[in-house]
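Chain letters run A, B, ... following the sequence lines, proteins first and then strands; every chain starts at 1.
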Number of protein chains: 2
Amino acid sequence: MDGSHGNEGKLGATRKIRTMEEFAEASGISRPTVSKYFHDPASVRATTRSKIEAALEKYDYQPNIFAINQNRKLTKTIGILVPFLADPFFAEIVRNIEQSCIKAGFWPIVFSAHGSQSAENNALATLRSLRPAGALLAPLGRGSDLDAVRHFAEEVPTVVFDSNVNVGEAFVGSNNFQSVDLMVDYLCRSGEPPCFFEMPPVNPNANKRREAYIQSMERLGHEPKVVQVAGSGWEFEQIGLEGGMHLISERALPSDTVLCSNDRLAVGLIAAACQKGLRIGHAPGCALRIAGHDDHPWSRFTCPPLTTVSQDYTSITERSVEILFDLIRGEKPKGDRPEILFDGKLILRASA
Amino acid sequence: MDGSHGNEGKLGATRKIRTMEEFAEASGISRPTVSKYFHDPASVRATTRSKIEAALEKYDYQPNIFAINQNRKLTKTIGILVPFLADPFFAEIVRNIEQSCIKAGFWPIVFSAHGSQSAENNALATLRSLRPAGALLAPLGRGSDLDAVRHFAEEVPTVVFDSNVNVGEAFVGSNNFQSVDLMVDYLCRSGEPPCFFEMPPVNPNANKRREAYIQSMERLGHEPKVVQVAGSGWEFEQIGLEGGMHLISERALPSDTVLCSNDRLAVGLIAAACQKGLRIGHAPGCALRIAGHDDHPWSRFTCPPLTTVSQDYTSITERSVEILFDLIRGEKPKGDRPEILFDGKLILRASA
DNA sequence: GACAAAAGTTTACGCGGGTAAAGTTTTTGT
DNA sequence: ACAAAAACTTTACCCGCGTAAACTTTTGTC
């Protein structure tokens, strides 16, 4: 709300200010002091500050960002790279990160790999040339060009989140073993033990979740049953739908309870079951229980609403940003590269 | 695939190249010529080009973007601003635009207003200071600070898309009157004439669609019935769900056929009907027909799949980018600010 | 092989602002 | 009121690259 006035008075009879030199003259303060002001308004005397701010009101000058960044070793830019921005999960995370950055006086710039390695590399190259103060990366995972990512992280202070490739100064993500165990435990207590529905893994999370499922099932004395459907890319719903149609037709699902590797896959499977006329849920008369993972923004709106495990978005983003800011301030984490995992919560809805 | 090798040989015993001066020396070509090369590789002799490219292989140098842009009047940056990136509709459009820009040798940079005016203004300010060659804006609409948007468009060649506020050099979007008419016509032919389900309009599209609905209904000799549910913000599904629950409980829907102002609202309404135990679709025994608008990426996965009208994503993005590139080349459209509208197509699925 | 055109080299300056150094003014503290 | 500290002004140079001017070398053609 601060500066969201138009610029009514600013275009008056006064000439246009283009450079800091001109602005300094107009405000009656020397250029080096003005420069100091823009670097940190608190670093100049109050009377000076008010003169400059009075001039700012009058002429809407802002320093040339390219000239600034040419001379400063570290810019105020923070790069954010996610694998797939069309996935609201990442869109939501990005929104949170952006807000934190702005609050801290940085300039977030967002890139998406759109699920493709070449796009990811492009984004890294563009980002690198912007010489950002730091970067928050959620790599594609299996699809990443790890050398390129590593090379980037050597030049730019980097925190990796969501998908744990062994790069950067720290990792922040979800504790898949905890969250999956929570869900498996619940499903086993409340009905038939689940099978695990997945597609070929795109990142380490997918692998960890399968392992966690197997481990939990064994701990509870059940035989783990993993069903992998074909598919690649990031159109998870479509893959879930097609795989689900096939499995249901063939009656090839090894259990009436299905734990999906993530919510988007579950959305596809639910659509398949629906089209096949199967009733989903834990109510009497239902043929199938379906559960997901992530508490995706859409999962509240499936029919029936999806039972899932939440990822702690807020903690993940806040912690990532926090660590990055420490890094930028020069506070390297001591010891090994830290890996911070947040627990998930069970979100019980009607689907399982 | 071009440059997506790692950089195996580049970190050999050779020293690190930091400036174009150093790089020129290392490649055996003078700096002005190297500069020419980076501006346009085709502008130097083939033998020179190959020398430079050989050096590029050896030392992975890239020019300092800030120094470049300080001197060039127009940068190679193109700004993209959308109202809500967590909406896959915009995410999809952004992906297309980005690709076109990269293909044309520009650097797309994406911003999202996250549904908020202050964020939109922030993004415009950041973008402006980047001195982009041009910008593609999808404004918030009703929530926009029009003065700020206009001020931006006066400094930067701007094409507006999706939401037609009267700013910029051109507008590209959907022909809501055509698409809504298509749907109303279909719904009337195939069953009970629809009522129109909307929330308080966030942008001109929403208004146009209501008007188009009313017009089409009158043309067909039916009484238009508009149902507006309360809600604000960009969480359309939630608004649709809550509004739908209420309307169904109160039996306040004026028709068994509901045309929603957009697919996201329809997703919410479907969820509501589902939770209330109402069967949706045109099959016998169904209580409610629900149709949407946009052919949103999710609409294939609702239960039942959503009947809707597609927006011509591809044409909209291609045309927007095309016009912007013309603008950047200095080819102003003659005559009035052009408004280009693309027709939608009927997408028949099971929900209506 | 001569010669004009094309391309490359040298030299030099400018972009807009960071920042150091030395000198001057204003603000503190007592 | 006076000295020390803090802040400001002047001056000057630097960042990394674009680009113009004047000159030299390489191409391509007859």
Whole-Å distance, A:Asn64 CG to C:dG16 C1', equals 6 Å
Are B:Lys16 and B:Asp60 close enough for a salt bridge, meaning some N to O gap below 4.0 Å? no
| message | I'd like to check B:Leu140 versus B:Ser163 (side-chain heavy atoms, cut-off strictly below 4.5 Å). Are they in contact? | response | no
(message) Whether A:Glu169 and A:Arg337 form a salt bridge (side-chain N of Lys/Arg under 4.0 Å from carboxylate O of Asp/Glu) is what I want to check.
(response) no
Of B:Ala67 and B:Ala46, the one whose closest nucleotide on DNA chain C sits nearer the 5' end is B:Ala46
Over all strands shown, is A:Ser30 touching base, sugar-phosphate only, or nothing at heavy-atom distances under 4.0 angstrom? base
A:Ile65 CD1 to C:dG18 P, in whole Å, measures 12 Å
Out of C:dG16, D:dG16, C:dA7, minimum distance to the side chain of A:Asn71 belongs to C:dG16
A:Glu21 atom CD is separated from D:dT9 atom P, nearest whole Å, by 13 Å
From the candidates C:dG18, C:dT10, D:dC15, the one with an atom nearest any side-chain atom of A:Ile68 is C:dG18
Validation: residues 322-329 of chain B side-chain donor-acceptor distances under 3.5 Å, sequence neighbours left out:
| from | atom 1 | to | atom 2 | distance (Å) |
| --- | --- | --- | --- | --- |
| B:Asp326 | OD1 | B:Arg329 | NH1 | 2.6 |

query: When all nucleic acid strands are considered with a 4.0 Å heavy-atom cut-off, which category describes A:Thr47: base, sugar-phosphate, or nothing?
result: nothing
From CZ of A:Phe66 across to C1' of C:dC15 the rounded distance in Å is 13 Å
Taken to the nearest whole Å, CZ/A:Arg131 to C1'/D:dC17 is 12 Å
Rounded to whole Å, the CZ-C1' distance (B:Arg49 to D:dT27) equals 15 Å
Here the residues of residues 31-44 of chain A within 4.0 Å heavy-atom distance, strictly under, of DNA chain D are A:Arg31, A:Pro32, A:Thr33, A:Val44
Query raised in the report: Are A:Phe161 and A:Phe90 an aromatic pair by the rule of ring centers under 6.0 Å?
Result: no
| Phosphate OP1/OP2 of C:dG16 contacted by A:Tyr61 side-chain N/O (<4.0 Å) | no
Tell me, yes or no, whether the heavy-atom count around B:Asp40 atom CG, taken from other residues, nucleotides or ligands under 6.0 Å, exceeds 12. yes
Atom CD of B:Gln70 and atom P of D:dC14 are separated, to the nearest Å, by 16 Å
Residues 97-106 of chain A vs side chain to side chain donor-acceptor pair (under 3.5 Å), sequence neighbours excluded, gives A:Glu98-B:His114
Rounded to whole Å, the CG-P distance (A:Leu130 to D:dG16) equals 16 Å
Of the listed D:dC15, D:dT26, D:dC17, the closest approach to the B:Pro63 side chain comes from D:dC17
